[in-house]
Amino acid sequence: MTTNLVTAAPGEEDQDPVLDPRFTYGTATDHITRHIRPPISASWVFGFGLSFLGFMLFNWAVTWLFIWGVGVWGVNIPVGWGFAITNFVWWIGIGHAGTFISAFLLLLRQEWRTSINRFAEAMTLFAVACAGVFPLLHLGRPWFFYFLLPYPNTMDLWPQFRSPLVWDVFAVSTYGTVSLVFWYVGLIPDLATIRDDPTRSVTARRIYGFLSLGWRGAARHWHRYQKAYLLLAGLAAPLVVSVHSVVGMDFAGGIVPGWHSTIFPPYFVAGAIFSGFAMVVTLAVPMRAIYGLQDMITLKHLENCAKLMLVTGLIVCYGYYTETFQGWYSGSPYEIGMMHDRWFGPYWPAWWTVVFCNCVVPQFFWSRRVRRSPWTLFVASLLINVGMWLERFIIVCQSLHHDYLPSKWEMYYPTFWDYATFIGTIGFFFTLFFLFCRYLPVIAVAETREMVHKKGRSEGVAAALRRSGYE
Amino acid sequence: MAHRHEVTLQPSKLTLGPVGTRTGIAGLLVGVIALGAAALLGLKEGPARVHFFHSYLFAFSVFLVISFGSLAYVMIHYLARVGWSVSIRRLAEALSLNMFLLAILVLPLLAGMHDLFPRWFDEHSRHVDDALRDKSGYLNPTFFFIRLVAYFAIWGGLAAFFAGKSKQQDRTGDPKISTLMERVAMPGMWLFAFSLTGFAFDWIMSLNPYWFSTMFGVYIFAGCMLSMFATIVLLSLFLKSRGLIGDAINHEHYHDLGKWLFAFTFFWGYIAFGQYMLIWYANIPEETQFFVPRQFGVYASLSLLLLIVHLVIPFPGLISRHVKRRNGVIAFWAVWSLCACIFDLWWMIIPNEWINQIPAAVGHPTMPISDALPLLANSPTDMYNIGARHAEFIPVMNYPLQPMSLLVTALCLLGIGGLYLFSTMLALKGRSLVPLRDPRLPEALAFENM
């Protein structure tokens with residue numbers, strides 16, 4: 001006997017589509033790929049130009065650094081890890097959302113990821129590129145960067161394998177490699193789609209054809225492709241956790257008050273995903289408006305991003321809470337002194353901005369209205385980006401400026417070159433992002449077509465369920 | 001998918017009936033007898049008494065964390081609007097209702113506060129020690145009891161609210177009840193996170209009041225979720241073996257519950273590694289004092305065994321899909337995981353009964369434990385072997401491992417376990433085993449993994 005069951009779900013949003021149901025294979029493909037056909041729009045040229053200027057600023061700053069050495073930055077003892085490491089952690093954190101979306105959500109069968117995974121992965125790659133630059137520049141003698149790698153050498157010198165700083169080299173380089181391979185493998189069928197577009201020029205088709213590695217869309221190709229993609233997702237998923245855990249350990253392994261806290265690994269991972277989703281929203285909101293992708297990157301996507309920011313933001317707040325409480329509970333005068341300095345010392349504006357941006361702002365995401373209004377989300381995401389950058393600044397600089405020896409306490413003042421390098425990487429990031437938007441499909445075409453296919457099938461299941469008497 | 005199995009709900013299978021009465025009474029009898037026996041054996045003066053209260057706290061914590069996990073699960077259920085596991089939720093609700101039993105079972109511990117927290121509970125010893133005086137704003141009996149009452153008010157209140165509303169929905173079928181519960185789950189989760197952390201700090205971390213770790217709340221949370229999922233697998237399989245529930249919980253659900261077991265096995269490993277590695281790496285005495293005594297003598301082997309039992313064996317064991325989709329095999333891993341969680345709590349709680357005696361053993365009763373540890377050791381370079389001049393401490397250290405002591409610990413576990421089973425059956429008795437008119441139930445019944 002079947003009992004009385006209610007089928008209407010309580011939240012209206014359950015009926016929200018992740019893809020406009022009117023799309024067919026053809027229209028979906030066309031809708032995504034039309035932006036990469038000529039001509040180049042004036043707004044793109046303007047945006048690219050501005051970003052490229054930023055990139056040039058970066059080159060200038062780096063050249064200056066190579067000529068004069070790290071002395072051009074504001075770092076000194078006691079704050080030996082100024083902007084460079086702050087920026088490193090910030091950028092690598094941003095990258096995490098991309099891998100989270102492409103690998104974690106794939107393994108968890110979250111179909112809504114389809115429309116945002118491509119550009120989020122691109123974001124990951126570019127963010128990792130920006131991040132990777134900083135520790136190298138910070139080396140002092142960057143041309144010896146290969147000393148970090150364990151290679152057989154005549155001096156019989158090896159890196160300190162017990163140091164999280166060395167793990168970082170392996171973690172970040174593995175992360176960069178796997179992200180690149182994962183992104184590229186996902187791109188192959190789409191590159192073939194562009195290759196097969198007869199409206200493109202012969203040169204363009206040659207280039208896309210070369211990059212698509214001879215993809216013909218045969219059943220065997222798809223079979224292998226799906227297997228490879230799933231395996232890569234399985235490989236990438238642990239990286240989401242490991243990379244930022246190691247970054248957290250870079251700090252927590254040290255005995256500096258404000259750094260040495262056992263909760264750092266999971267708290268850093270949560271913070272990374274938090275800031276990463278903020279960057280996804282920062283990029284997605286203008287992109288969907290400019291390219292008219294509202295029916296592919298729907299409110300459902302933005303809402304889900306907001307929910308993930310809320311969850312991870314709450315975990316970050318929990319981290320602040322335990323750190324503060326245990327700072328006091330430890331009874332250690334150094335911990336208590338550091339916490340007091342954090343709250344009321346010279347860096348207090350930065351700390352309270354962190355609390356506002358990372359703890360207060362996400363609370364607005366409890367409201368469905370906020371989660372579904374793109375430009376409010378956009379502003380919130382900018383605030384979270386700022387908050388997460390300042391959080392790393394507080395961890396790196398405030399903790400160092402106030403450590404065990406009071407006679408050593410010193411403020412950290414960034415120089416012009418610190419700012420120029422940081423702003424420069426933002427320019428570098430957007431230069432790459434604009435190129436990506438121009439030459440590659442920002443949404444995965446093949447996966448979207450799969451969604452169009454599944455849509456029809458899931459409607460069939462719903463109808464079958466209704467017939468079987470659940471109503 | 002189009003070719004799916006037909007799931008029908010049979011009302012006769014959805015009420016507990018005489019199975020519950022029989023199991024409940026058996027649990028009650030075992031519980032009362034075992035606890036009585038444990039009290040008879042344990043409540044003597046000296047180390048037996050200290051051991052009894054530590055064993056009782058350990059057994060109490062084992063079942064409290066299961067109810068913690070259940071309460072969290074119910075709230076996450078509403079927060080995330082989960083569909084697949086609606087048919088499991090009633091069991092979690094029943095387990096969370098055991099908070100009321102636990103609120104009663106915590107009372108005997110109040111008689112043993114001086115045995116459990118000898119360093120900070122007593123005003124005199126709190127004030128001769130700088131480190132403890134500094135924390136006495138938090139670690140003092142008055143505030144401790146206020147917090148305890150607040151915790152149980154929060155847990156009991158939340159558990160009663162969610163279970164009650166869910167039962168009400170069985171009658172009315174009103175989807176608005178789900179919406180209301182989603183709203184309450186938001187602040188509920190906040191309160192829960194802080195109170196769970198508070199419990200972990202108050203009752204487990206402060207057994208050694210000098211030690212601290214920011215990870216500790218998360219560590220306990222990992223255990224909560226793992227032991228809860230294991231318990232739910234076992235409870236539902238038990239009910240199914242008695243011909244109840246039917247297909248409402250089927251191998252698709254066990255497949256996902258198995259994934260959760262796997263996920264939290266790994267999560268525990270990650271958290272435990274993070275905590276251990278950072279403390280080992282920084283090598284600060286205030287922090288290493290947690291791990292150093294757990295590497296003395298036979299405890300070193302037990303610590304390694306914990307790593308193997310809790311992570312190394314179940315991690316590969318739970319990867320395969322086939323493991324999760326066979327009732328017998330998933331039951332085996334659920335028992336395994338539950339044992340691992342129990343062992344973990346034993347490892348955290350029980351050694352404190354002799355760790356707190358180390359300062360007295362080295363002749364400085366008021367010395368902080370971290371300062372006393374090197375004096376007990378052979379030499380500063382040989383931290384893990386007790387020096388010859390303190391050989392008389394070895395039997396003290398091994399006291400919890402004596403057959404009689406292990407018996408008391410086992411009786412406490414059995415006793416509280418029996419009462420917990422009784423209370424679970426009582427909670428399930430008055431309600432349908434599946435939330436019949438939850439709007440998302442069809443989603444759970446139609447759920448398929450492949």
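Letters A, B, ... mirror the listed sequences (proteins, then strands); counts begin at 1.
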Heavy-atom pair with the smallest gap, counting every atom of B:Thr214 and A:Ile263: OG1-N, 2.9 Å

Smallest separation among heavy atoms of B:Leu278 and A:Gly253, with atom names: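 So the minimum-distance heavy-atom pair works out to CD2-N, 3.6 Å.
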
Partner chain B: residue of [options] with the largest heavy-atom pair count (under 4.5 Å):
options: A:Gly327, A:Cys317, A:Pro265; value: A:Pro265
options: A:Ser261, A:Ser330, A:Ala252; value: A:Ser330
options: A:Gly331, A:Ser332, A:Pro164, A:Gly319; value: A:Pro164

For atom [atom1] of [X], is the number of surrounding heavy atoms from other residues, nucleotides or ligands below 6.0 Å larger than 12?
X: B:His127; atom1: NE2; result: yes
X: A:Tyr320; atom1: OH; result: yes
X: B:Arg183; atom1: CZ; result: no
X: A:Trp366; atom1: CH2; result: yes
X: A:Trp259; atom1: CH2; result: yes

Beyond-backbone contact of A:Glu335 with B:Glu286, side-chain heavy atoms, under 4.5 angstrom: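 No, side chains not in contact.
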
From B:Asp134 atom CG to A:Trp328 atom CH2, the distance as rounded to the nearest 0.5 Å: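 Answer rounded to 0.5 Å: 8.5 Å.
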
A:Arg162 side, atom CZ; B:Trp280 side, atom CH2 - distance, nearest 0.5 Å: 5.0 Å

Measuring heavy-atom distances to chain B, does [X] have an atom under 4.5 Å in its side chain, in its backbone, in both, or in neither?
X: A:Arg109; answer: side chain
X: A:Leu314; answer: side chain
X: A:Tyr267; answer: neither
X: A:Val269; answer: side chain

Heavy-atom donor-acceptor pair, A:Thr262 side chain to B:Met215 backbone, under 3.5 Å: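 Yes.
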
Heavy-atom pair count under 4.5 Å with chain A, highest-scoring of B:Ala131, B:Ser213, B:Gly217: B:Ser213

Chain A interface, residue from B:Met205, B:Lys259, B:Arg133 that has the most non-hydrogen pairs under 4.5 Å: B:Met205

Between B:Tyr270 and A:Ser245: side-chain donor-acceptor atoms closer than 3.5 Å: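 Present: a donor and an acceptor within the cut-off.
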
Side chains of A:Tyr321 and B:Thr197, donor plus acceptor under 3.5 Å: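 B:Thr197 and A:Tyr321 do not have a side-chain donor-acceptor pair below 3.5 Å.
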
Identify which part of [X] has an atom lying under 4.5 Å from any heavy atom of chain A, answering side chain, backbone, both or neither.
X: B:Trp211; answer: backbone
X: B:Met277; answer: side chain
X: B:Ala282; answer: both
X: B:Leu132; answer: neither
X: B:Ile177; answer: neither
X: B:Ser136; answer: neither

B:Lys135: side-chain hydrogen bond (donor to acceptor under 3.5 Å, both in side chains) partners, not counting sequence neighbours: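 Partners of B:Lys135 by the side-chain hydrogen bond (donor to acceptor under 3.5 Å, both in side chains) criterion come out as none, since no residue qualifies.
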
Aromatic ring pairing B:Tyr138/A:Tyr329, orientation class (parallel under 30°, perpendicular over 60°, tilted between):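 Plane angle over 60°, so perpendicular.
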
Sole residue of B:Phe212, B:Phe216, B:Phe201 in side chain to side chain contact (heavy atoms under 4.5 Å, CB included) with A:Thr322: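 With A:Thr322 as partner, B:Phe212, B:Phe216, B:Phe201 yield a single side chain to side chain contact (heavy atoms under 4.5 Å, CB included), made by B:Phe201.
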
